[in-house]
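Scroll down for the structure; my scribbles are underneath it.
In what follows, every chain begins at residue 1, and chains take the letters A, B, ... in the order their sequences are listed. If you're wondering where the values come from, they're calculated on a predicted model, not measured in any experiment.
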Amino acid sequence: MQQREEKQLEASLESLHARVAHLKGSLQSFIVKLETEHDRLTWPSVLDNFALLSGQLNTINKVLKNEKTPSYRSQVIIPLLLSPDRDEELLKLTEQRVPVFSHEIVPDHLRTKPDPEVEEQEKHLSAEAARIGPEVAQKQIQTLNKLCSSLLEKLNNPRDDRDSETSALRQNKPSFNPADTNALVAAVGFGKGLSKCRPPGSVPSGHPGQPMMSTGPTLQQVTIAGTTGHQAGMGGQGTQQQPGQPGTTFNDVHQHFYTQNHHVSCSCNDLILHVLFEQVKCPATSRLTSSLHPCILTTDELPAEMLHFVIQRLVYEAKMLICFVHFQ
Amino acid sequence: MEAPPVTVMPVTGGTINMMEYLLQGSVLDQSMESLLHRLRGLCDNMEPESFADHELVYLLKGQQGNPFMLRARRSLLHPTAPWHLRYLGQPEVGDKSRHALVRNCVDVAASHSLPEFLNEMGFRMDHEFVAKGQVFRKGAMKVVVSKLLRVLATGNTENTEPLSLSYLVELSVLAPAGQDNVSEDMRSFAEQLKPLVHLEKIDPKRLM
């Protein structure tokens, strides 16, 4: 009887030892993997490792639950000799982890009871369980089982009526208002609902009677210097100008007829448009008016109509200037 | 001094006419948070960029019918950054089956004297507003969620009030003309934002 038990104990210990060694090996490889490859690691491979560990723990559990395994609780390990000297055998056995079999390591390694705090908590829990009584406990177990099974069912079987339930819920709380959409798009598109700014003075209505700038400068340097020679060249159309023409631009600009260094250049080398209106002096009143503001526009692409328009405008203003001066 | 005639072809060789593909929608203030969460998940992983811009829309009424519109925009958060001038053409009336609004788009950087310059050129400011919100990006697609605020006193951006209780959501892509797979990609992205937001092609002329 004794021998059989002993044999059983040995056999079970052997198998347990083997399982634990497997577990240790897989833990080690996992740690190495985490330490060396942590930036290349993907979640599925980490999950695989965890699955492996959990499988091995399961087999250990099975080994322990096996009926052939004697109850380990009845076995006690008593240290027979404690010494503070280094033990080479022990070092070899434990892979250099335990150098000395002394009274420091014994309480940790040969422990059979859990920590005192853990013991306290376990006692509390078992007292609690005993307190509520078996019927209540059974009911709680049943509710838990029911919840888990319904959740599992919901997760495993996507149903169409489930979708319609949720969509019905969402319809009660709409997250956008189509009227608002229209209002916002109209506001951004053409300023509907935003207060319109009316500037003082009327808006320029164009120049009636002026021929279109088909001969306007395009992509080259256009320098309109202030000498009369040039004026004569460009002022051919000056007879058509109307000094009383309504239009804020014209009124602003016509004061800037210059005496010198009035420079309009539209260069489009890398499509940079510089417009510089320098300080001008009104010969009639000898008053220095402030310069128009320069502006630098940079772009990679500019459609022809926009450029055309801009240059047209500039040329028109410049021509008006020159015509005015000419008439003066 | 005779100058060669202006051509109406594109200005220099090598410039591409960029088109803006646009889908618009809106989301109510209370659902904004969920939209932001969804966009953070769907779009490229970066900190969402907040912006507060003051946009002024200038019109030049020529003797022809349609006034010429230019949009000047400046950042209220970065006052020293250059102004941004934008020209948006008429939406292309093409294919009804195209899923996005397509229009010609020109973007230009300008210095800080842009408003005075435009005034001298003859443009007049038609309206202005302040837009505050966030920008998300996914590849070439840009999603802008913005609150439009009405400016109560011209030029004073401190005193503003919201235009509506919703945020405007715009999905846009800048691409050369003729790429229809762009609108397909935009449509599939817009699908993912349903039913929180319905992004669709809204013709502004219809709302006039």
Side-chain angles (χ1 to χ4, degrees), chain A residues 170 174-178 180-197 199 203-206 208 213-220 222 230 233-234 249 252-253 268 271 275 292-311 313-314, chain B residues 1-12 15-18 24-28 30-31 34-35 57 60-63 68 85 87 104 106-111 113-114 116-117 120-122 124-129 148 150-151 154 163-166 168 195-198 202 204 207-208:
Chain A
R170 279 190 206 142
S175 59
F176 68 94
N177 181 359
D180 273 351
T181 310
N182 288 339
L184 288 170
V185 170
V188 170
F190 47 87
K192 188 170 181 185
L194 296 169
S195 54
K196 304 284 174 182
C197 317
V203 179
S205 51
M213 306 293 154
S214 53
T215 57
T218 57
L219 311 176
Q220 297 148 7
V222 173
H230 282 254
M234 295 280 278
T249 324
D252 284 345
V253 167
C268 298
L271 292 173
V275 177
L292 286 178
H293 298 268
C295 184
I296 302 165
L297 295 168
T298 63
T299 177
D300 281 332
E301 61 253 45
L302 202 64
E305 330 92 64
M306 187 167 157
L307 190 57
H308 181 93
F309 221 121
V310 162
I311 293 173
R313 204 71 214 167
L314 284 170
Chain B
M1 168 166 93
E2 203 61 63
V6 181
T7 60
V8 291
M9 293 305 289
V11 171
T12 58
T15 58
I16 310 166
N17 228 9
M18 289 304 259
Q24 289 166 309
S26 77
V27 70
L28 290 169
Q30 58 261 35
S31 313
S34 22
L35 179 67
V57 180
L60 180 67
K61 296 199 165 103
Q63 66 271 44
F68 188 75
L85 187 66
Y87 164 73
N104 189 15
V106 181
D107 288 299
V108 177
S111 60
S113 46
L114 186 64
E116 294 93 1
F117 176 70
E120 300 295 351
M121 290 280 290
R124 286 294 167 262
M125 179 163 78
D126 187 56
H127 59 271
E128 58 178 341
F129 58 89
L148 293 185
R150 187 186 284 130
V151 172
T154 308
L163 203 59
S164 83
L165 296 170
S166 294
L168 179 66
L196 269 180
V197 168
H198 272 255
I202 303 179
L207 301 170
M208 271 189 176

Testing the basics here: between B:Ser26 and A:Asn177, what is the closest heavy-atom pair and its distance to 0.1 Å? OG-O, 3.6 Å
Using heavy-atom distances under 4.5 Å, tell me whether B:Val57 contacts chain A through its side chain, its backbone, both, or neither. neither
Shortest non-hydrogen pair, B:Asp126 vs A:Phe190, comes out as OD2-O, 4.3 Å
Mind listing the closest non-hydrogen atom pair of A:Leu194 and B:Phe129 along with its distance? CD1-CD2, 3.7 Å
What one should report as the nearest heavy-atom pair of A:Gly193 and B:Leu163 is O-CD1, 4.1 Å
Heavy-atom pairs under 4.5 Å with chain A: which of B:Leu35, B:Leu196, B:Val151, B:Leu165 has the most? B:Leu196
B:Ser166 versus A:Leu184, closest heavy-atom pair with distance: O-CD1, 3.9 Å
